[in-house]
Number of protein chains: 4
Amino acid sequence: MKRDKPKYKQIIDAAVIAIAQNGYHQAQVSKIAKEAGVADGTIYLYFKNKEDILVSVFREKMAIFTHNLRVILEEDIDTSKRLFKMIDNHFRVLHEDRHLAIVTQLELRQSGKKLRLRINEVLKEYLDLLDVILKDGIERNDLDQTLDIRLARQMIFGTIDETITSWVMNEQKYDLIELSPNVHKLIMNAIKA
Amino acid sequence: MKRDKPKYKQIIDAAVIAIAQNGYHQAQVSKIAKEAGVADGTIYLYFKNKEDILVSVFREKMAIFTHNLRVILEEDIDTSKRLFKMIDNHFRVLHEDRHLAIVTQLELRQSGKKLRLRINEVLKEYLDLLDVILKDGIERNDLDQTLDIRLARQMIFGTIDETITSWVMNEQKYDLIELSPNVHKLIMNAIKA
Amino acid sequence: MKRDKPKYKQIIDAAVIAIAQNGYHQAQVSKIAKEAGVADGTIYLYFKNKEDILVSVFREKMAIFTHNLRVILEEDIDTSKRLFKMIDNHFRVLHEDRHLAIVTQLELRQSGKKLRLRINEVLKEYLDLLDVILKDGIERNDLDQTLDIRLARQMIFGTIDETITSWVMNEQKYDLIELSPNVHKLIMNAIKA
Amino acid sequence: MKRDKPKYKQIIDAAVIAIAQNGYHQAQVSKIAKEAGVADGTIYLYFKNKEDILVSVFREKMAIFTHNLRVILEEDIDTSKRLFKMIDNHFRVLHEDRHLAIVTQLELRQSGKKLRLRINEVLKEYLDLLDVILKDGIERNDLDQTLDIRLARQMIFGTIDETITSWVMNEQKYDLIELSPNVHKLIMNAIKA
DNA sequence: TATGAATGAGCGTTCATTCAT
DNA sequence: CATGAATGAACGCTCATTCAT
């Protein structure tokens, strides 16, 4: 399987760096190849085309978030703690990989409609897990029984996303992780039972 | 002043239509010119370059939101009602101009970093007015005294933005305006005193 | 109409020269543009793509042959004289435009299947006129009544084509026009009544 | 000698199939290798480069025609019969190997000038044998004493070639072999004493 | 002998902007 | 003011060939 070969990950990581440093539209395949230390043509042994690189970047990195969320779902804790862990995890991963934060919050959004759709498919998995937390929270009576799950999900994701984007746009000047408790409080206020 | 001449607005409106119909990357200057019924070169008598058209589109349209928000601020009503009006206004304007909704929520976000920064400057005026509402709400004791205004603003804007984007991505299949009360309730739960 | 503008013919002629000098696969669009004294992009104001240039070259030049053949058909002379004029005209045009001879006999044949089919459509018009001469020749009893027209056409065109190709491959060392009477004699022997 | 090893012929035959099925420009070395059941690199143990494969294809296959023509020359029959056998043989071989017909009449002609010259060298051997038949025919008084041998050869080869190419282009819909007598008649009319 | 992963040079086409009319 | 023909820089991808194993 190509995805397990070392060069696959090498190119993915090179793409994140190249995009973060040069911007989406200036991250030419040749720059990614150079950053990865391989020839231009080698890229095409591992990826179908440039779009495939970008979707793969998103898929591979999103897998970290999704995996962590699954672990949180398996823990025997209440919904409030779960959401705190989710927010904190989200902030923490991006706080520790500044390049990735720039890429997911700013650069990858410049992609065309076609690529956006493919990225959204990947994102859906994460949002579906969030829905599971919310549904379960209502069943357990941790959350407001009248909660509109879609709206709640949009509020939670919208808040997290906007918070991170603002942080990235402010050149990551302040500590993102410190915001977790307050963001969590705001969100819980909105949806708790 | 160029902005008052009829062709100026004519080109702005043509740009919105051209972008909504063709997508950001397919909205070439020549297409905008054709839609506006002028020659390509004429565009450059009213705008410095393509980026200038796009920023102007955003500035002119955002002015509607900002103006409405100012009116809301002048009304003698409590913070909860103000925020309801803000949300409802936001949803209503975009619900009634589908082209504009597509352009602001999807297409314009594909622009490069440079243009994004200029768009954010325009957006700032709107967000600053939101901050005024929030500060005033705390003073009046309508809102939680310990509220972190920046976080609250990010939550409110993030929630609204994500809600609208989801609606656009779902091809505007459901009624956006009907969501106002629920979105308002969620937000007020989060921040009220 | 684009085909009447001076730059159209200018580019066509530049293409013939560029292809004759560099060979089919080395005649890049930029070389053709340079030879024509225009910018690369200008090419695309007059031609849809590179293939369109090449088909147009063939169409425009073939028009000379076809036009001459029509004139010959209108003359009130016997079939033998008509065929002599056709052969002589074919030889004469290519003898006087060495570049064109190289392009039609050697270079354009290297084109891919798709282009070949389009070129054949153009060629068909010429061959159809030849068929008219042959049919008419049989009716007039100038030619063998049992003649298979398709075979006769293939023999005539094949002979002319092979003769010219050999001449081009021998670097146009001898006088092509002088061969007309002998080629004509051979062909008439084969098909006359 | 490499040419006697089984893989040599294996690759040659794979090349014919790959070219006939995919077209000249789509017959990459890797496709030929796959068709032959060897690794890409193995090709280069038997052939200097891709051009060498193609010339070898032509040489090996042309050898069939040349060999048959030598046999015909050894037979004690008149010139007319010799030419009939030559035409019939030519038609028959290609009629029975459709792949080869496509390759020699259409695909291999898309090769560059350099390859064309090398192919012509191989072809020359065949044409030289035809010249022998013609010279001998004049000596025997089977053919017109004033015959220009070069022209006659060009007519014969041009006619045969054009006939076969038309047949291939018409997707080999009709029976090529049936055409032999008529083609022979046409040619003999042209050159007989 | 045989393999196949890696290489890297090469090119058609688009489109924002200019400027002579 | 208005036009639109002309410009030319910029880039993703293919594939023949090599060479370490």
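All chains are named by letter (A, B, ...) in the order of the sequence lines, taking the proteins before the strands, and each is independently numbered beginning at 1.
Across all strands shown, A/Val29 has heavy atoms under 4.0 Å from sugar-phosphate atoms exclusively, and none from any base. Among the protein residues, B/Lys7 comes within range of the sugar-phosphate backbone only, with heavy atoms under 4.0 Å from sugar or phosphate atoms but none that close to a base.
B/Arg116 contributes a side-chain N or O that, together with a main-chain N or O of B/Arg109, makes up a donor-acceptor pair within less than 3.5 Å.
With a cut-off of 3.5 Å on both Watson-Crick or G-U wobble distances, the partner of F/dG12 is given as E/dC11. Nucleotide F/dA20 is matched to E/dT3 when pairs are restricted to Watson-Crick or G-U wobble geometry with both distances under 3.5 angstrom.
Taking every side-chain heavy atom of B/Ala39 into account, F/dG4 is the closest of E/dT3, F/dG4, F/dT7.
Protein atom OH of C/Tyr44 is 9 Å distant from nucleotide atom C1' of E/dC11, rounded to whole Å. In this entry the distance linking CZ of B/Phe47 with P of F/dA2 reads 13 Å, nearest Å. Atom pair A/Lys34:NZ and F/dC11:P shows a separation of 14 Å (rounding to whole Å applied). Put simply, OH on B/Tyr8 is 16 Å from P on F/dA2, counting in whole angstrom units. Rounded to a whole Å, the CD atom of C/Gln28 is 16 Å from the P atom of E/dA9. Put simply, CG on D/Leu45 is 12 Å from C1' on F/dT18, counting in whole angstrom units. Between the CG atom of D/Asn22 and the P atom of F/dT14 there is a distance of 15 Å, given to the nearest Å. The nearest whole Å value for the distance from the OH atom in D/Tyr24 to the P atom in F/dA16 is 9 Å.
Closest approach of C/Lys48 and C/Asp52 over heavy atoms only: N-OD2, 2.9 Å. When all heavy atoms are compared, the tightest approach of B/Thr104 to B/Phe58 is CG2-CE1, 4.4 Å. Considering every non-hydrogen atom in both C/Glu107 and D/Lys113, the closest pair reads OE2-CE, 2.7 Å.
Side-chain nitrogen and oxygen atoms of A/Tyr46 include at least one within less than 4.0 Å of the OP1 or OP2 phosphate oxygen of E/dA6. Put simply, B/Ser30 has no side-chain N or O that comes within less than 4.0 Å of OP1 or OP2 on E/dC15.
Ring orientation note: the planes of D/His25 and C/His25 are nearly perpendicular, at an angle over 60° on the 30°/60° scale.
Each of B/Asn49 and A/Gly37 was matched to the nucleotide of DNA chain E holding its nearest heavy atom; the match closer to the 5' end belongs to A/Gly37. Where B/His25 and A/Asp40 meet DNA chain E, the nucleotide closest to each residue was compared, and A/Asp40 sits on the side nearer the 5' end. Looking at which nucleotide of DNA chain F each of C/Ile43 and A/Lys50 is closest to, the 5′-most match is held by C/Ile43. In terms of position on DNA chain F, the residue among A/Ala27 and B/Gly41 whose nearest nucleotide sits closer to the 5' end is B/Gly41.
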